[in-house]
2 protein chains.
Amino acid sequence: MTTDTWVEVNENDGFGVENLPYGVFSRPGELPRVGVAIGEYVLDLAELSAAGLVDDRRYFASGSLNAFMVAGRPAWEANRARLTELLTDESYREQVEPHLIPVAEVELLRPFEVADFVDFFSSEHHAANTGRMFRPQGDPLTPNWKRLPVAYHGRSGTVYRSGTPIIRPCGQRRSPGDSEPSFGPSLRLDFEAEVGFVVGVPSVAGRRVPVGSFRDHVFGFVLVNDWSARDLQAWESQPLGPFLGKSFATSVSSWVVPLAALEAARVPSPVQDPVPFPYLQCEEPWGLDLHLEVLINDQVASRPRFASMYWTPPQQLAHATVNGAPLRTGDLFASGTVSGPERDQYGCLLELTWNGREPLELDDGTKRTFLDDGDTVTIRAQAPGVSGSRITLGEVTGTIRPPLP
Amino acid sequence: MTTDTWVEVNENDGFGVENLPYGVFSRPGELPRVGVAIGEYVLDLAELSAAGLVDDRRYFASGSLNAFMVAGRPAWEANRARLTELLTDESYREQVEPHLIPVAEVELLRPFEVADFVDFFSSEHHAANTGRMFRPQGDPLTPNWKRLPVAYHGRSGTVYRSGTPIIRPCGQRRSPGDSEPSFGPSLRLDFEAEVGFVVGVPSVAGRRVPVGSFRDHVFGFVLVNDWSARDLQAWESQPLGPFLGKSFATSVSSWVVPLAALEAARVPSPVQDPVPFPYLQCEEPWGLDLHLEVLINDQVASRPRFASMYWTPPQQLAHATVNGAPLRTGDLFASGTVSGPERDQYGCLLELTWNGREPLELDDGTKRTFLDDGDTVTIRAQAPGVSGSRITLGEVTGTIRPPLP
């Protein structure tokens, strides 16, 4: 397979034919439909299928990826192979080129409807850092942390598309030294740089999904910002975990990178000790060499490395279903904050500022402990693609707004 | 308004015209549609609307209540008034009677599609009992408990209709005295008797839903069994709360009792001390005098009283939205285990057996610490209706099955 496409593509942008992420877009006066990113264009799959160039209009003349995702791996692979052919074989140029739209001319929409949303806690560095901060007398990790991928359910209804304004939440919080809580806007608003995967093919109640079946169920990967109000979370979280501190908003990227595009990014994950239970044992390497970047107001705040994550996506999916809970199309699973071992790789301000004690200084000289109104946080990532290429994951961005009056 | 219906109704059954709960049903070869329970019948609202006897076929020729629920309070009140007229005015009998179907001839389906599912923890007795069991050295209640209605998100995808078999979940658990966890079927499977309410009218992101707007958003009440695997839950729940111990299954009743039917059941809730924050202050009484019954294999195990709940439904809804998280049609909120102050009013086996130490003896002489395969748990409830009547909430039932091979 040649990696040369007849589309003008800047290799460094990471949207070459080795990537081909899916999304949903619209233009004024038109219905939303499915597209694929190539270079600085989106390829309109609804129009391509109407023109008979790809199969299955019913997947692509749709305002969400859910119809395509439920079609399963054979359909995903066939479509990817066909698109690759259309974009690399010059003889198709005349037919296909009219369906390329400059991405600047479209609005990117939320790519899929979320069924359930589960958030994990799978970075050992993030878990240990937060453990040290909040349980300084004890072990940084709870006794269960290296036995199972700790997780909780989030609010599906507030998983928003990239670009959605993030309204500062209000609620109860108790400042250190106060005996009583107070009510007001969160004073400790944070981002969490995460990587998520979305399920296409559902599973059956009562039957766990083995690690080896990951690729049959999971369509692709997105970036996720699990916005967090640290003060609301701290006050509410005993004994049942985070609730309002998380449920006000979660942002996902507009492009979903299919699993096939990440084959070259797969690396061994860290050695697991103790050896996991059999249902979590995964013979194939499913670490992913994703290089994340978090920017605050266009300035790099952090460069998290996903390869350092302790628990892998197939292990997370196997764990979430081991009790017989079935998967649905649109189930979103996020990794938990991606933090590498080094300070400049931490995936949230809580860690970067060590619970607000050491403000983070940005390049322009401004400092942050937590987010201010007007701050824009953008999470990006790149990964190795096949044949020495690079692929770019869809970024996820959001700007903080004050609470509504 | 007379309470005499021309339908043959046994008053003690609690399905008189003071109730009129909504559900979804089907018969072999027919599409599912919306119905209302009256006596031992279901009144087919799709057929009634096709016959021009009620408005808005689009609500009722539907496999879920969601379309009707989003229509809002004016539509709900108008429909209830019209159905009451049709069922109490003898002159309509000839037209309406053909659309009454014996409930024994239909299959009751899940009444609505669940958007997000939130579970509260709002019984002071349940919270204090479990606090005493698991934190015997400290306060039974955490410092936040009387300041905010503690809650977490559950898995919407495993909210099942009453009658769905409950497959015993497998997972990791650590027996007392063991240093390491083991893997296998849950050995401590429990029920939780809860009362839930479902949202019809969505709200706007960033704008909390005041306690006074409860009736504009909430369609009605259901009974909920929040099945729990106590051993899976205990091992996983630090620091992020319950996950697999809950997500394998939650059952809801097939009938949804509209708010209007519960007007006569409203009572003052317990005095709240400390005085709640303003957003939680509710001038109207919203305690509900619901008398629950939990049966194991047709034998009464417990009689929980909902009037003893500390936090009320409008307070729960206001809290869940105070951070700006919007509501969606089909959002389900469950109360948490309903436990009264007395031992025979506890709403789960964990409390009834005091963490397995004092087996519960049933009438037939059998004993239970936790549930066995083959056990059937049924939760029922009655409440005062208008004019001295009684109304029955739809029961919720489920039978435990062993894990699939």
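Note that the coordinates shown come from a computational prediction; the quantities given were computed from them, not determined experimentally. Lettering follows sequence order; numbering is per chain, from 1.
Screening T321(A), V322(A), N323(A) for a side chain to side chain contact (heavy atoms under 4.5 Å, CB included) involving F248(B) leaves a single residue, N323(A).
Residue contact with chain B, scored on non-hydrogen atoms closer than 4.5 Å, involves the side chain of D116(A) exclusively. Contact annotation for D331(B): only side-chain heavy atoms (C-beta onward) come within less than 4.5 Å of a heavy atom of chain A. With a 4.5 Å cut-off on non-hydrogen atoms, A229(A) does not touch chain B at all. Only the side chain of L280(A) comes within contact range of chain B, with heavy atoms under 4.5 Å apart. Heavy-atom distances place no part of F134(A) under 4.5 Å from chain B, backbone and side chain included. Proximity to chain A involves both the backbone and the side chain of P143(B), based on heavy atoms less than 4.5 angstrom apart. Proximity to chain B is absent for every atom of F117(A), based on heavy atoms less than 4.5 angstrom apart.
Residues of residues 397-405 of chain A lying under 4.5 angstrom from chain B, judged on non-hydrogen atoms, are L404(A), P405(A) in numerical order. Residues of residues 174-187 of chain A lying under 4.5 angstrom from chain B, judged on non-hydrogen atoms, are R174(A), E180(A), P181(A), S182(A), F183(A) by number.
No side-chain heavy atom of R328(B) sits less than 4.5 Å from a side-chain heavy atom of T158(A).
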Candidate pair V150(B) and F243(A), rule side chain to side chain contact (heavy atoms under 4.5 Å, CB included), full reasoning:
CA-CA 8 Å; V150(B) 172; F243(A) 182 54; over 6 Å; no
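Side-chain N/O atoms of E236(B) and Y152(A) include no donor and acceptor closer than 3.5 Å.
Among L244(B), I167(B), L327(B), the residue making the largest number of heavy-atom pairs under 4.5 Å with chain A is L244(B). In terms of heavy-atom pairs under 4.5 Å with chain A, the best-connected choice from A115(B), G154(B), S237(B) is G154(B). Annotation: maximal heavy-atom pairing with chain A below 4.5 Å, among C170(B), P169(B), G171(B), occurs at C170(B).
A donor-acceptor pair under 3.5 Å is absent between the side-chain atoms of Q238(B) and the main chain of T142(A), judged by distance alone.
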